[in-house]
Amino acid sequence: MVLEHLSDQALIRRQKLGELQQKDVEPYGQKYPVTHKTSEVILHFRELEEEGTAASVYGRIISKRGHGKASFAHIEDGSGRLQIYLREEQVGSDQYNLYQLLDIGDIIGVTGTVFKTRKGEITVNVSSFRLLTKSLRPLPEKWHGLKDVELRYRHRHLDLMVNPEVREVFITRSRIIHMIREFLVQRGYLEVETPVMHTVAGGASARPFITHHNALGIDLYLRIATELHLKRLIVGGIEKVFELGRIFRNEGLSTSHNPEFTSVEIYEVNADYEDMMDLTEEMITSITREIHGTLKLNYQGRELDLTPPWPRRELSEVIREITGVEFSAVQGDDAARKLAAEHGLEVDKDSTKGEIMYTFFEKYCEDKLWNPLFVKDYPVEVSPLAQRCRENPQLTYRFETFIAGKEIANAFTELTDSLDQRERFVQQAEKRDSGDEEAHMMDEDFLVVMEYGMAPTGGLGIGVDRLVMVLTDRPSIRDVILFPTLRPREQQAGRP
RNA sequence: GCGCCUAUAACUCAACGGUAGAGUAGCGGGCUUUUAACCCGCAGGUUGUAGGUUCAAAUCCUACUGGGCGCACCA
């Protein structure tokens with residue numbers, strides 16, 4: 001214990017802790033027998049007051065106002081906050097002196113009858129109280145809250161304590177996740193858990209994290225998607241399946257990217273990507289209705305209308321409308337590269353038309369999409385797990401859903417032709433060999449699984465964090481992840 | 001990885017080349033229905049770190065560290 005590094009206030013609190021112990025007060029006590037939550041006291045005020053029955057509540061002291069021989073304070077529990085009132089005459093001078101040693105941040109249990117003050121605030125007239133937990137560090141300011149975003153992310157417990165809207169966001173996040181699960185289970189999808197540690201990191205274009213297993217003496221990858229294992233289950237006869245969980249991608253951080261994030265992937269036999277569009281639309285609109293009671297939202301000061309049906313437009317069409325470029329008129333990779341150069345896009349020398357088309361979309365179109373839109377029929381080169389379109393084998397039955405400029409979902413009619421799949425993996429492997437660390441890895445085991453025969457299948461992945469951002473009106477993914485990834489920092493003296 | 005912004009008391013913020021300040025929180029005193037309680041007094045700082053310019057640096061310059069935003073990368 002290096003006491004010199006503590007702030008003066010933290011030192012004073014430690015001294016008070018000693019004083020309390022000298023007075024035989026247990027500073028870290030047992031649970032308090034409560035009769036009500038703070039919100040319940042307010043809800044049942046009339047009966048409590050009429051009957052004159054005592055209520056027992058517990059909570060953290062968040063403010064104190066002393067008046068000589070009487071004192072007011074607010075305590076807060078998970079349900080809300082409540083004012084308490086102590087009079088020396090009522091609790092006795094020993095208890096009253098003890099109360100003087102309590103600080104903002106301490107957790108106490110109180111018992112007393114309930115009344116309304118002159119100004120009309122429901123208040124517990126404390127007849128007895130007990131310290132449950134002594135707090136040794138000062139809380140952030142009550143009025144302005146904790147604003148410094150770095151402190152908020154690094155000390156989320158403080159953020160949650162003093163910024164009530166933050167707690168609301170995470171309660172809503174939890175509800176959304178619960179509703180996703182409920183929505184899918186009710187429709188007969190089986191929730192499963194597949195490995196987080198993979199020998200081959202597949203199912204997406206991304207760099208994986210690498211870890212090591214000592215006993216086996218091998219490196220393992222943290223999963224970058226749940227796709228390939230879920231498809232194995234489809235082959236195995238589990239016809240409607242989903243997994244909701246964390247995936248990991250070793251990429252840059254941004255307001256819409258955290259290295260670990262939550263996805264839900266859903267697979268269903270005898271379905272196609274149109275069915276997955278229906279599912280996406282139904283799921284997101286039903287959750288939105290449940291949370292907001294309307295489909296007309298506001299995101300970052302701008303109106304956002306989720307009313308279905310959401311338009312379903314081909315990628316080439318969207319590019320044409322936004323940039324004026326007609327990709328169907330482009331013949332060959334050379335012409336596409338020339339076009340990219342004309343539009344100020346830097347692309348690799350060996351880029352194909354499909355890759356360039358996709359780049360056009362990402363650079364010039366994605367962020368202009370606002371109300372929900374299904375963008376469909378993506379080039380085969382950037383969609384190695386999706387089935388080719390019958391009318392045009394250069395395209396695939398793949399769609400992405402955009403809401404408020406964010407990619408929320410990605411889905412396909414799954415590729416079921418194991419021989420085509422092998423070719424696609426080979427192409428990806430070639431890209432890996434030429435330095436593309438995000439290209440898909442060859443997964444022989446998965447190919448063998450496919451060779452047994454995979455029924456026609458629709459698959460869907462949804463970025464849960466981004467969905468939560470949209471539904472809670474948060475600008476950064478770090479606002480919807482309790483403990484976002486930050487560079488570690490040495491503990492500084494006096495920091496909370 | 002690159003660019004811009006940013007770091008002052010436990011918290012929220014001032015001071016923008018000339019003695020580091022306020023509010024909250026804290027400590028001491030007063031006050032028995034207050035409520036951003038109030039009144040009187042006190043304490044609290046290596047201005048992120050390390051250099052440099054200057055008679056003088058929180059302030060200007062350089063580097064580093066953390067963070068934010070944008071770009072790049074990336075579903």
Side-chain angles (χ1 to χ4, degrees), chain A residues 6-13 15-16 62-74 81 83-91 96 100 103-105 115-123 125 136-155 158-159 161-163 203-207 224-225 227 247 249-259 261 263 346 358-359 361-363 366-367 375 378 382-383 398 400-402 406-411 436-438 461-463 465-466 475-476 478-479 484 486-490 492-496:
Chain A
L6 292 168
S7 71
D8 53 345
Q9 295 195 42
L11 285 169
I12 288 165
R13 286 180 180 227
Q15 286 166 14
K16 287 182 177 175
I62 55 164
S63 65
K64 284 183 81 182
R65 292 174 294 284
H67 289 261
K69 291 183 165 40
S71 285
F72 287 92
H74 275 100
R81 58 181 55 174
Q83 181 164 259
I84 62 172
Y85 176 60
L86 268 94
R87 283 189 310 155
E88 181 170 3
E89 198 176 79
Q90 176 148 2
V91 298
Y96 198 74
Q100 307 297 332
D103 287 303
I104 290 171
F115 73 107
K116 255 187 197 174
T117 62
R118 279 178 201 152
K119 293 273 174 68
E121 179 160 356
I122 293 166
T123 302
N125 184 9
L136 296 180
R137 287 176 187 270
L139 255 48
E141 207 212 359
K142 63 180 173 187
W143 191 243
H144 296 92
L146 189 67
K147 284 190 170 167
D148 184 317
V149 286
E150 184 179 353
L151 292 182
R152 288 187 41 226
Y153 296 151
R154 287 192 194 279
H155 306 284
L158 294 176
D159 194 25
M161 247 184 250
V162 302
N163 296 330
S205 304
R207 283 156 69 172
I224 56 174
E227 173 141 2
I247 60 184
R249 296 187 182 174
N250 206 339
E251 293 161 358
L253 296 84
S254 80
T255 48
S256 51
H257 295 82
N258 196 64
F261 62 101
S263 83
E346 278 185 39
Y358 187 54
T359 307
F361 176 68
E362 285 188 313
K363 291 281 182 293
E366 269 190 16
D367 56 352
V375 179
Y378 282 68
V382 295
S383 315
R398 171 189 179 188
E400 294 183 315
T401 309
F402 291 88
K406 297 176 207 309
E407 182 202 329
I408 299 289
N410 181 28
D436 182 354
E437 290 184 75
E438 286 91 29
I462 293 178
D465 310 272
R466 289 179 183 176
S476 169
R478 286 183 281 268
D479 295 322
L486 294 180
R487 201 181 291 275
R489 190 176 199 186
E490 271 184 56
Q492 288 191 2
R495 286 286 177 183

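The chains referred to below are lettered A, B, ... by the order of the sequence lines, with proteins before strands, and numbering in each begins at 1. Please read all numbers here as calculations on a predicted model, not as lab measurements.
RNA chain B is contacted by both His144(A) and Thr117(A); His144(A) maps to the nucleotide lying nearer its 5′ end (nearest heavy atom per residue). Of the two residues contacting RNA chain B, namely Ala70(A) and Lys147(A), the nearest-nucleotide position lying further toward the 5' end is that of Lys147(A).
Pair check for G3(B) finds C69(B); Watson-Crick or G-U wobble, both atom distances under 3.5 Å. Pairing for C64(B) is with G48(B), a Watson-Crick or G-U wobble pair whose two hydrogen-bonding atom distances lie under 3.5 Å. Pairing for A36(B) is absent, judged as Watson-Crick or G-U wobble with the two contacts each under 3.5 Å. If you check C55(B) for Watson-Crick or wobble pairing at under 3.5 angstrom, you find it paired to G18(B). Summarising the base pairing, C42(B) is matched to G26(B) through a Watson-Crick or G-U wobble pair whose two defining distances lie under 3.5 Å. Nucleotide U8(B): unpaired (no Watson-Crick or G-U wobble partner with both distances less than 3.5 Å).
Comparing C60(B) with G17(B), their P atoms are spaced 8 Å from each other, to the whole Å. For the C1' atoms, the distance from U34(B) to C39(B) is 14 Å, rounded to whole Å. Separation of the C1' atoms belonging to C11(B) and U53(B) is 35 Å when rounded to the nearest angstrom. Here the separation of G44(B) from C38(B), taken at their P atoms, is 24 Å to the nearest Å. Taking the P atom of each, U8(B) and U49(B) are spaced 10 Å apart, rounded to whole Å. Across the C1' atoms, A7(B) and A15(B) are found 16 Å apart, a figure rounded to whole Å. Rounded to whole Å, the P atom of U24(B) lies 33 Å from the corresponding atom of G67(B). C71(B) sits 43 Å from A36(B) when the C1' atoms are compared, rounded to a whole Å.
A donor and an acceptor atom, one from each side chain of Glu121(A) and His74(A), are located under 3.5 Å apart. Side-chain polar atoms of Asp159(A) and Tyr153(A) form no donor-acceptor pair below 3.5 angstrom.
Between Arg487(A) and the phosphate of U65(B), there is no side-chain N or O to OP1/OP2 separation shorter than 4.0 Å. At the phosphate of C74(B), neither OP1 nor OP2 sits under 4.0 Å from any side-chain N or O atom of Arg207(A). Applying the 4.0 Å criterion to OP1 and OP2 of A10(B), one finds that Lys142(A) has every side-chain N and O outside that range. At U34(B), none of the side-chain N or O atoms of Arg65(A) fall inside 4.0 Å of OP1 or OP2 (strictly under the cut-off).
At least one side-chain heavy atom of Tyr378(A) sits under 4.5 Å from a side-chain heavy atom of Glu400(A).
Across all strands, Arg478(A) comes closer than 4.0 Å only to sugar-phosphate atoms, never to a base (heavy-atom distances). Note on Leu486(A): only backbone sugar-phosphate atoms sit closer than 4.0 angstrom, heavy atoms only; bases stay farther off. Residue-level contact check: Tyr378(A) touches the bases, meaning some heavy atom is under 4.0 Å from a base atom. Residue Tyr153(A) is classed as a sugar-phosphate contact, given heavy-atom separations below 4.0 Å to backbone atoms only. Backbone-only contact: Thr255(A) has heavy atoms under 4.0 Å from sugar-phosphate atoms and none from a base. Lys363(A) comes within 4.0 angstrom of sugar-phosphate atoms only, judged by non-hydrogen atoms across all strands, and of no base. The residue Glu88(A) sits apart from the nucleic acid: no heavy atom pair falls under 4.0 Å. Among the atoms of the strands shown, only primed sugar atoms or phosphate atoms (P, OP1, OP2) are found under 4.0 Å from some heavy atom of Glu251(A). Residue Gly66(A) is in base contact, counting any heavy-atom pair closer than 4.0 Å across all strands shown.
For Pro138(A), the listed nucleotide lying nearest its side chain is A10(B); candidates were C74(B), U34(B), A10(B). The side chain of Val149(A) lies closest to G68(B), out of C74(B), G68(B), C11(B). Closest to the His257(A) side chain, of the nucleotides C74(B), U24(B), U35(B), is C74(B).
No donor-acceptor pair under 3.5 Å is formed between the side chain of Arg249(A) and the backbone N or O of Pro259(A). Here the side chain of Tyr96(A) pairs a donor or acceptor atom with the backbone of Ala70(A) at under 3.5 angstrom.
Each of Lys64(A), Arg13(A), Arg137(A) was checked for a side chain to side chain contact (heavy atoms under 4.5 Å, CB included) with Asp103(A), and the lone residue meeting it is Arg13(A).
The base of U35(B) is not paired with the side chain of Ser63(A) by any donor and acceptor separated by under 3.5 Å.
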Enumerate the protein-to-nucleotides 26-28 of chain B contacts in which both atoms are nitrogen or oxygen and the separation is below 3.5 Å.
unit_1	atom_1	unit_2	atom_2	d
G26(B)	O4'	Gln9(A)	OE1	3.3
C27(B)	OP1	Lys16(A)	NZ	2.4

